[in-house]
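Contents: one structure, followed by commentary.
Since we're looking at a predicted model, the values are computed, not measured. When reading the values below, keep in mind they use all heavy atoms of this one structure, side chains included, and skip hydrogens, waters and symmetry mates.
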Protein chains: 2
Amino acid sequence: MGKQNTTVHEVAKRTGVSIATVSRVVRGVGQVSPETRQRVQEAIAELGYRPSRFGRALVERRHSALGIVFPGLAGPYYSEVIQGFEAEAVTARQSVLIFGTHLLEQSEDQVLDMASRVDGMAIMGGTLSNECVQTLIDQEVPIVLLARHPMPNVPTVRVENTQSTRDITLHLLTTHGYDPIYFIGNPTGSPDTTDRWEGFVAAHRQVGREPGALIRVGFQQADGVWAISQILEAGELPRAIVCANDEIALGVHAALTARGVRIPEQVALTGWDDIPMARLIAPALSTVCQPTRELGSQTAKLLLARIKGELDEPPDVVLPTEVIIRQSCGCTHEAATNGQRSF
Amino acid sequence: MGKQNTTVHEVAKRTGVSIATVSRVVRGVGQVSPETRQRVQEAIAELGYRPSRFGRALVERRHSALGIVFPGLAGPYYSEVIQGFEAEAVTARQSVLIFGTHLLEQSEDQVLDMASRVDGMAIMGGTLSNECVQTLIDQEVPIVLLARHPMPNVPTVRVENTQSTRDITLHLLTTHGYDPIYFIGNPTGSPDTTDRWEGFVAAHRQVGREPGALIRVGFQQADGVWAISQILEAGELPRAIVCANDEIALGVHAALTARGVRIPEQVALTGWDDIPMARLIAPALSTVCQPTRELGSQTAKLLLARIKGELDEPPDVVLPTEVIIRQSCGCTHEAATNGQRSF
DNA sequence: ACGTTTACTGTAAACGTTTACTGTAAGCGT
DNA sequence: ACGCTTACAGTAAACGTTTACAGTAAACGT
């Protein structure tokens, strides 16, 4: 709204009716005679009138907008989740305000600011400190946690991480007999990764082995490359690598390929997310598929219900994931399967 | 703001002062005796009062927020631009509302909606139809175009595309003598790509040759993979490939490597953007570096000036780019240079 | 002692909507 | 002709701020 020039009053004066009538025409409610409606609509068109969000929001006491705060990392995963969220919001005639923290610490103020522009917000992953989330709760901002560990009395939507990562790690350990297996990712960087690391450890315990080394890096392709250089600098390559997500795995794949290391003959590899590129590299990446889009849409649904006050007992929705076996783990093309559903 | 319970009135009543005084304390302007200030601040803390955006925005007639609409594609380029934009906005104490169109057509309504929540907006690339932009202009929404061809009377920020793409193409054509050279990307998909394709064609004309084939695909890694399968299906590989961006080049790189095609011995390759992964693949990617972050920050600066009405003649800012020669074009490590600045 | 400045605080009018309530005239059944 | 319903339209009071203006008391200079 550039200048916000025209108001109901001007439309009313021009048409010779009261502002109440104009308001009724604009919103299509109440009773207005066809000819009056017609005249008002003409005046609206001529003057280019658009109702001010200010006035409307003030009296309606709501913004008709949802917020989502996410780490702001590039990559198809985040993009997909947000699309799912938006799609659901749009059908409920709500706008979506996106805020990417870029993993910066000083973003608390900005989050609070966003809270004053929306009717409720979704908080994705470990983007915000628990104190910050608590502040939001104290201010009675309706929130739902997305891909984050639940907090008391807050609805949560996430995917099953531990069991599926345990399964895929067990696949490497027992089906293929690999040893040692490294984990690349930062378990303290996101709740999802925390759980995946836990699954990785659980698999090793289950077969009575010590978990392999943890290479603690970020979430992007470049981090995967960096991890490999770290590993090589430190000594030998492991027999297999479990990556916290596909982006890292893509970086690892590129780095290993660049150095002539053969996957999976020398080093086997798995990812997480099943992004489009996963099936396009050679060998195709064994990974875990999560319902990314549904994650977003479920979150939006819950948030909308929360705002309406329809949520009695805040649920902790855990969506199922699926281990996808391709070739990077060492399976042959024929053996590859899209089966094992976790949770 | 969940319930937006407390108002100035309650704080005022509790403290025994008028709402004007409360307002003065909150905003830190005007004269208030230290002890009154103290009492008011205590009441504010106790009641957890936070001023309502509604009321404030209504009387101040501004949102204190900037909007940015972008394609919503995954990848570090967009992420960087937005970070630059946000950084600048934050220093001007403005919030940023992000809207990703996801290249969907039906987004006009949502853009208009966003326009009613911000004081001005940046429009990135070919995300919006010209009609839609014109609607915004007609509604006197302050806008600035980002990585898009200028429109009359609208400030624009973009980077130099044509000349640098011509330069890097000429490098392949003359320094290396490659022929034929293909172009992978969609010239109608974004204004940047339009200009890059133009530079590609210009280079060929300049040496009296016909431009090689255009493989029209999207902007992501998967599109690069797909392009290679298309090319192979159609017949021979070209001697070199110019990609519209680094993401595509990464996909092409992965696809060629997977098929055992040697880069640059059999097929040389260049990208655009100089994303972090560009230098990390083997051979390192020759590309064009653009000041991504500055693109975002300049845009925000211009937008802020535009909103304040400080912009007399809307400028068309074109930021310089730089050809980065690494090894994927066929240069040896020694020959690699970070020199040739375009524009 | 008196006018003038100074420091502080309050009153009330915006800002642009929505909406409960009231008013008016026409239509209708008897 | 009379009362009752119905369809339409207007009045005015919110909603939660900011801010121009006015008011009051103390301090100060002469």
Using whole Å, report how far [atom1] of [X] lies from [atom2] of [N].
{"X": "A/Leu58", "N": "C/dA14", "atom1": "CG", "atom2": "C1'", "answer": "13 Å"}
{"X": "B/His63", "N": "D/dG16", "atom1": "NE2", "atom2": "P", "answer": "19 Å"}
{"X": "B/Arg56", "N": "C/dG16", "atom1": "CZ", "atom2": "P", "answer": "18 Å"}
{"X": "B/Glu35", "N": "C/dC8", "atom1": "CD", "atom2": "P", "answer": "9 Å"}
{"X": "A/His9", "N": "C/dT17", "atom1": "NE2", "atom2": "C1'", "answer": "9 Å"}
{"X": "A/Gln31", "N": "C/dT22", "atom1": "CD", "atom2": "P", "answer": "18 Å"}
{"X": "B/Arg61", "N": "D/dT18", "atom1": "CZ", "atom2": "P", "answer": "16 Å"}
{"X": "B/Glu60", "N": "C/dA13", "atom1": "CD", "atom2": "P", "answer": "21 Å"}

Heavy-atom pair with the smallest gap, counting every atom of [X] and [Y]:
{"X": "A/Gly55", "Y": "B/Leu58", "answer": "N-CD1, 3.8 Å"}
{"X": "B/Thr135", "Y": "B/Glu108", "answer": "OG1-OE2, 3.9 Å"}
{"X": "B/Gly125", "Y": "B/Pro191", "answer": "C-CD, 3.8 Å"}
{"X": "B/Leu302", "Y": "B/Thr156", "answer": "CD2-O, 4.3 Å"}

Between side-chain atoms of residues 89-101 of chain B and protein atoms elsewhere (two or more places apart, or another chain), which donor-acceptor pairs fall under 3.5 Å?
unit_1, atom_1, unit_2, atom_2, d
B/Thr91, OG1, B/Glu88, O, 2.7
B/Gln94, OE1, B/Ala65, N, 3.3
B/Gln94, NE2, B/Ala92, O, 3.4
B/Ser95, OG, A/Asp113, OD1, 2.5
B/Ser95, OG, A/Asp113, OD2, 3.3
B/Ser95, OG, A/Arg117, NE, 3.3
B/Ser95, OG, A/Arg117, NH2, 3.1
B/Thr101, OG1, B/Leu103, N, 3.2

Residue met sooner reading DNA chain D from 5', once B/Gly55 and B/Thr21 are mapped to nucleotides: B/Gly55

Using a cut-off of strictly less than 4.0 Å, decide whether [X] has a side-chain nitrogen or oxygen near OP1 or OP2 of [N].
{"X": "A/Ser18", "N": "D/dG10", "result": "yes"}
{"X": "B/Thr36", "N": "C/dT9", "result": "yes"}
{"X": "B/Ser33", "N": "C/dA7", "result": "no"}
{"X": "B/Arg27", "N": "D/dT19", "result": "yes"}

Using 0.5 Å steps for rounding, measure from the CZ atom of A/Arg306 to the OG1 atom of A/Thr299. 13.5 Å

Any idea which of [options] is nearest the [X] side chain?
{"X": "B/Ile19", "options": "D/dT18, C/dT18, C/dT19", "value": "D/dT18"}
{"X": "A/Ala20", "options": "C/dC8, D/dG10, D/dG16", "value": "D/dG10"}
{"X": "B/Val59", "options": "C/dG16, C/dT19, D/dT18", "value": "D/dT18"}

Polar contact flag, side-chain donor to acceptor under 3.5 angstrom, A/Gln134-A/Asp138: yes

With a 3.5 Å cut-off and no angle check, do the side chains of A/Arg53 and B/Ser116 form a donor-acceptor pair? yes

Describe the nucleic acid contact of A/Ser23 in one word from base, sugar-phosphate, nothing, applying a heavy-atom distance below 4.0 Å. base

Across the strands shown, which category fits B/Val8 at heavy-atom distances under 4.0 angstrom: base, sugar-phosphate, nothing? base

Which nucleotides of DNA chain D pair, in dot-bracket form (Watson-Crick or G-U under 3.5 Å, | meaning another strand): ||||||||||||||||||||||||||||||

Taking N and O atoms by type only, does the side chain of A/Arg24 place a donor or acceptor under 3.5 Å from a partner on the base of D/dG10? yes

